[in-house]
Protein chains: 2
Amino acid sequence: MSTTNTGVTASMRGHQLPVPVPAGEYARCPVTDLLRGLSDKWTLLLLTLLGQRPYRFNELHRAVEGISQRMLTRTLRTLETDGLVAREVFPTLPPTVEYRLTPLGVSLLEPLSALADWAVGHHAEITAARQRST
Amino acid sequence: MSTTNTGVTASMRGHQLPVPVPAGEYARCPVTDLLRGLSDKWTLLLLTLLGQRPYRFNELHRAVEGISQRMLTRTLRTLETDGLVAREVFPTLPPTVEYRLTPLGVSLLEPLSALADWAVGHHAEITAARQRST
DNA sequence: CAGAATCCGTGGAGATACTG
DNA sequence: CAGTATCTCCACGGATTCTG
């Protein structure tokens with residue numbers, strides 16, 4: 001397979017990985033890149049909310065208990081930069097800004113749900129394993 | 001759905017999320033927890049290698065260019081604590097330690113591959129979106 | 001309403017050196 | 001061979017203040 005830098009995807013299906021794995025290429029692996037983007041404190045939750053319907057800025061602020069304005073802005077900007085979320089400004093007074101998933105963002109929800117299902121389904125096993133190793 | 005703290009999974013399928021999302025419960029969401037565990041620098045690569053076959057410690061060290069002994073140990077320990085990787089010590093001289101995926105670890109590879117496929121398949125779009133917003 | 005700008009504290013990643 | 005021990009550093013996240 002030639003579409004991944006490190007063969008991470010391919011290897012999960014039982015193909016070969018170049019060993020040793022080159023350090024420089026692994027750093028640019030798209031899979032790792034995606035995981036890092038999803039794993040911060042608020043991204044997953046915002047994706048989930050926006051997966052239901054569009055939201056305005058302060059609407060999200062109210063919907064997510066505990067998030068600061070700064071982190072809400074920052075997280076939305078990153079999602080927008082990656083093309084997962086679209087930001088639309090309505091020239092009203094006061095200004096209204098709406099956020100919604102792009103088609104790319106919507107398409108991400110499917111594989112993400114599969115992983116989420118696994119997490120939910122096996123969370124008890126992980127918790128049990130953790131307590132066992134205390 | 002009652003198996004997830006925040007409804008993240010359920011909402012991805014179009015169900016309801018409790019709004020506002022309680023801060024304390026979201027912190028313990030199994031999905032976020034899993035993503036965090038997968039998103040560090042080496043976990044994904046080690047899972048991938050161990051998905052092919054068992055490895056000894058220094059064998060992994062050689063296979064992963066750029067990883068330090070400390071991070072290799074730490075990452076493997078975390079995977080072991082979570083029950084994804086099994087560590088087996090052979091009382092030879094010098095000592096031999098083998099790492100392999102547990103059945104739980106193997107089962108994770110499937111949904112993870114789906115996400116990896118998405119990452120590979122849409123990486124060009126993400127890269128394009130990023131450059132567009134320069 | 002929807003942010004930008006600034007400051008700050010802290011956890012955890014990672015390098016280096018040492019060891020049974 | 002397979003680890004520990006110790007250190008540094010910075011980027012992630014939060015609080016606060018200001019604005020078109």
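Reminder, nothing fancy here: chain letters follow the sequence lines and each chain counts from 1. Just so it is clear, the structure is predicted and the values come from calculations on it, not from any experiment. Side-chain atoms are counted along with the backbone in the values below, which use heavy atoms only and exclude waters and symmetry mates.
Between the side chain of A:Thr75 and the main chain of A:Leu72, no donor-acceptor pair closer than 3.5 Å is present. A distance-only check finds a donor-acceptor pair linking the side chain of A:Thr78 to the backbone of A:Arg74 [under 3.5 Å]. Under a 3.5 Å cut-off, the side chain of B:Tyr26 and the backbone N or O of A:Lys41 do form a donor-acceptor pair. At least one donor-acceptor pair under 3.5 Å links the side chain of B:Thr102 to the backbone N or O of B:Gly83.
Between the side chain of B:Arg70 and the base of D:dT6, at least one donor-acceptor pair of N or O atoms lies under 3.5 Å.
Within the structure, every side-chain polar atom (N or O) of B:Lys41 is placed at least 4.0 Å from both OP1 and OP2 of C:dG12. The side chain of B:Ser68 contributes an N or O atom lying less than 4.0 Å from OP1 or OP2 of C:dA15. The phosphate of C:dA13 (OP1 or OP2) has no side-chain N or O of B:Trp42 nearer than 4.0 angstrom. Residue A:Arg77 places at least one side-chain N or O under 4.0 Å from the OP1 or OP2 atom of C:dA4. Between B:Arg87 and D:dA2, a side-chain N or O to OP1/OP2 separation shorter than 4.0 Å is absent. Taking side-chain N and O atoms only, A:Tyr55 has no distance below 4.0 Å to OP1 or OP2 of C:dC1.
Between B:Ile67 and A:Phe57, the one whose closest nucleotide on DNA chain C sits nearer the 5' end is A:Phe57. A residue-by-residue look at B:Glu59 and A:Ser39 shows that B:Glu59 has its nearest nucleotide of DNA chain D further toward the 5' end. Residue-to-nucleotide proximity on DNA chain C shows that, of A:Val97 and B:Gly66, the 5′-proximal contact is made by A:Val97.
Atom C1' of nucleotide D:dC1 and atom CD of B:Glu88 are separated by 16 Å, given to the nearest angstrom. In this structure, the CG atom of B:Asn58 is 13 Å from the P atom of D:dT4, given to the nearest Å. Across the protein-nucleic acid pair, A:Leu76 atom CG and D:dG13 atom P stand 14 Å apart, rounded to whole Å. Per the geometry, NE2 belonging to B:His61 stands 14 Å off P belonging to D:dT4, to the nearest Å. One can place CG of A:Leu45 at 13 Å from P of D:dG13, the figure rounded to the nearest angstrom. With rounding to whole Å, A:Gln69 atom CD is found 17 Å from D:dG13 atom P. When the C1' atom of D:dG13 is taken as reference, atom CG of A:Leu72 falls 13 Å away, rounded to whole Å. Protein atom CG of B:Leu93 is 12 Å distant from nucleotide atom C1' of D:dA2, rounded to whole Å.
Between A:Phe57 and A:Tyr99, the ring planes are tilted. Angles from 30° to 60° get that label.
Heavy atoms of B:Thr96 sit under 4.0 angstrom from primed sugar atoms or phosphate atoms, though from no base atom. Across all strands shown, B:Thr73 has heavy atoms under 4.0 Å from base atoms, whether or not it also approaches the sugar-phosphate. Residue A:Asp40 is classed as a sugar-phosphate contact, given heavy-atom separations below 4.0 Å to backbone atoms only. Residue B:Tyr99 is classed as a sugar-phosphate contact, given heavy-atom separations below 4.0 Å to backbone atoms only.
Across D:dC1, C:dA13, C:dC1, the shortest atom-to-atom separation from the side chain of A:Arg56 is found for C:dC1.
To the nearest 0.5 Å, the span separating NE2 on A:His123 from CG on B:Asp33 amounts to 5.0 Å.
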